[in-house]
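What you see is a predicted model, and the numbers here were worked out from it, not measured in a lab. Values reported hereafter were calculated over all heavy atoms of this structure, with side chains retained and with hydrogens, waters and symmetry mates removed. Within every chain, numbering begins at 1; the chains are lettered A, B, ... in the order of the sequence lines, protein sequences first and strands thereafter.
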Amino acid sequence: MNLKIYNTLSKEKELFIPLDKNLIKMYVCGPTVYNYAHIGNARPAIVFDVFFRLLKSIYPKVLYVRNITDVDDKINNAAKELNEPISSITNKYTDIYHQDMDSLFVLRPDIEPKVTENIEHIILMIQKILDNGYAYENEKHVLFDVTSFNDYGKLSKRNKEEMLSGARVEVASYKKYPGDFVLWKPSENDDPGWDSPWGYGRPGWHIECSAMVDKFLGQEIDIHGGGQDLIFPHHENEIAQSCCANKNTKYAKYWIHNAYLKMEGEKMSKSLGNIISIKELLDNYDGEVIRLALMSTHYRKPINFGESLLEQSKNILNKLYKNLEYDSNDDTISKDVLSPLLDDLNTPLAISNLQKIKCSKTLLNSANILGLLNRSKDEWFSLNENLSISEEDIKSLIKERDEARKSSDFKRADEIREKLDKNNVVLEDVKGKTTWRAKK
RNA sequence: GGCUGUGUGGCAGAGUGGUUAUGCUGCGGUCUGCAAAACCGUUUACGCCGGUUCGAUUCCGACCACAGCCUCCA
């Protein structure tokens, strides 16, 4: 059973060879909790959830860490705007993020560290980088000295000159070199802050992930994931920090990045007003439908998100649930689902093959590795908040219709069918027996 | 401007140097009192232009279009 994954580092599909096959270590960059998570945020969560499930099915133990960023200037700004304490913002949106992820059937990572709870290790890490001569202190800031690290740019495939030629932002006075980035910065007034060897302040953006990986997973890990936009500068800087703190040339063995999503062909942006939160979407679509929609395109390709994709996903799920006859403890997984997943997580092909499975047991097990078919058939088809009629009324109407049909009063029978249809109830006459289900 | 990536039938989306996945939708049919479900059938696609080849959607080159990144955005 060979797993192949595309590694951003080599720009090639590689055979996955774990550092230790008894313990797989995976880290994914998590959310900054200052607002509702939008649909774009759901993509990496779902992609790496499938990876997590797949790895767990192959290896005895997988340790999955995903951080929560609760120190960030965006959070500070949100707190000021709403005139609320920072902790109430971060707590609120952390809870909402968890709810959203649960609704999408995204498994919780094994460890979900917060920046605020790990400042000590961040300070320790920065100190090591300073001690090793890869950083400097200036105007109350600690900065990473990019020119001191030869491998800088190896992930994003950029050289230092290229990066500078395109720089659009004025260089801060405390930087020796325009490409240098902040490890620690001073805090003033209401800013959250902690005492450190360099004064009262807070960590820069990139150091938290290096510190979390170091603390919870160690110096070297198997997989590091995130959105494509994080390749530069975030992940490039993480490599620099971790390698220089630990005097190690290695950090993450496989770098995996998911592509973006577009809204109905357009990019998602505030000015277009087409940013949609997971929460809003969940009002209209089941979490599994959204999940399937986000898996219907390969993770390294842009996905065109929209109503038609959601409708299509809903139809597929209805069909899959229809084929689900009973639950079971059997653990057979279809080879036609597993092997596409083993080939760089080809979810579209796996989903396509899923629809061809005839055996209900195998269907369920195979779907579960994708995080699908989480409910029973009955549960799925009666799940409908729009059902404006009680089960009792439905049953008595069915009975009335049966009698009408027996006496060939088809006009009345059709009236009842129509009435139920308006209440989102679909009737099916199978083998002389009438069953009902909610219209999805 | 630099770097990276994408371009397949109404839609979604695999894949491949030559035997034209698959799903959804639509349409037609079987079935049904009517429906639903199920099953059957169905419009032969790979951005544009060259090159390599007996043959390219698949390899190579140019072009076009679109997207992302270029210091804190998944």
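Across the protein-nucleic acid pair, A/K175 atom NZ and B/C72 atom P stand 8 Å apart, rounded to whole Å. Residue A/L261 contributes atom CG, which lies 20 Å from atom P of B/C66 at whole-angstrom precision. Following rounding to the nearest Å, A/I68 (CD1) and B/A74 (P) show an atom-to-atom distance of 13 Å. For A/I239 and B/U71, the CD1 to P distance is 18 Å, given to the nearest whole Å. Rounded to an integer number of Å, the gap from A/D180 CG to B/C72 P is 15 Å.
Residue A/N315 places no side-chain N or O under 4.0 Å from the OP1 or OP2 atom of B/A12. The side chain of A/K411 places no N or O atom within less than 4.0 Å of a non-bridging phosphate oxygen (OP1 or OP2) of B/C34. Phosphate proximity of B/G13 to A/T297: present, with a side-chain N or O under 4.0 Å from OP1 or OP2. For B/C24, the OP1/OP2 oxygens have no side-chain nitrogen or oxygen of A/K314 closer than 4.0 Å. Distances shown here put every side-chain N or O of A/N353 at or beyond 4.0 Å from the OP1 or OP2 atom of B/U22. At B/U6, none of the side-chain N or O atoms of A/K262 fall inside 4.0 Å of OP1 or OP2 (strictly under the cut-off). Applying the 4.0 Å criterion to OP1 and OP2 of B/C24, one finds that A/K319 has a side-chain N or O inside that range.
Heavy atoms from other residues, nucleotides or ligands lying under 6.0 Å from NZ of A/K154 number more than 12. Atom CD of A/Q355 has more than 12 neighbouring heavy atoms from other residues, nucleotides or ligands inside a 6.0 Å radius. More than 12 heavy atoms of other shown residues, nucleotides or ligands fall within 6.0 angstrom of atom NZ in A/K175.
Distance CE/A/M101 to CZ/A/R291: 10.5 Å, rounded to 0.5 Å. To the nearest 0.5 Å, the span separating NZ on A/K185 from NZ on A/K140 amounts to 15.0 Å.
Scanning atom types as modelled, one donor and one acceptor separated by under 3.5 angstrom connect the side chain of A/D414 and the base of B/G33. Donor-acceptor pairing under 3.5 Å, judged by distance alone, is present between the side chain of A/R405 and the base of B/G33.
A/E428 comes within 4.0 angstrom of a nucleotide base, judged by non-hydrogen atoms across all strands.
Of the nucleotides present, none pairs with B/U53 by Watson-Crick or G-U wobble criteria with both distances under 3.5 Å. Across the strands present, B/C63 finds its partner in B/G47; the criterion is a Watson-Crick or G-U wobble pair with both atom distances under 3.5 angstrom. Pair check for B/C24 finds B/G10; Watson-Crick or G-U wobble, both atom distances under 3.5 Å. A 3.5 Å limit on both hydrogen-bonding distances identifies no Watson-Crick or G-U partner for B/C31.
Between A/Y260 and B/A74, a base-stacking contact is recorded: ring centres under 5.5 Å apart, planes less than 30° from parallel.
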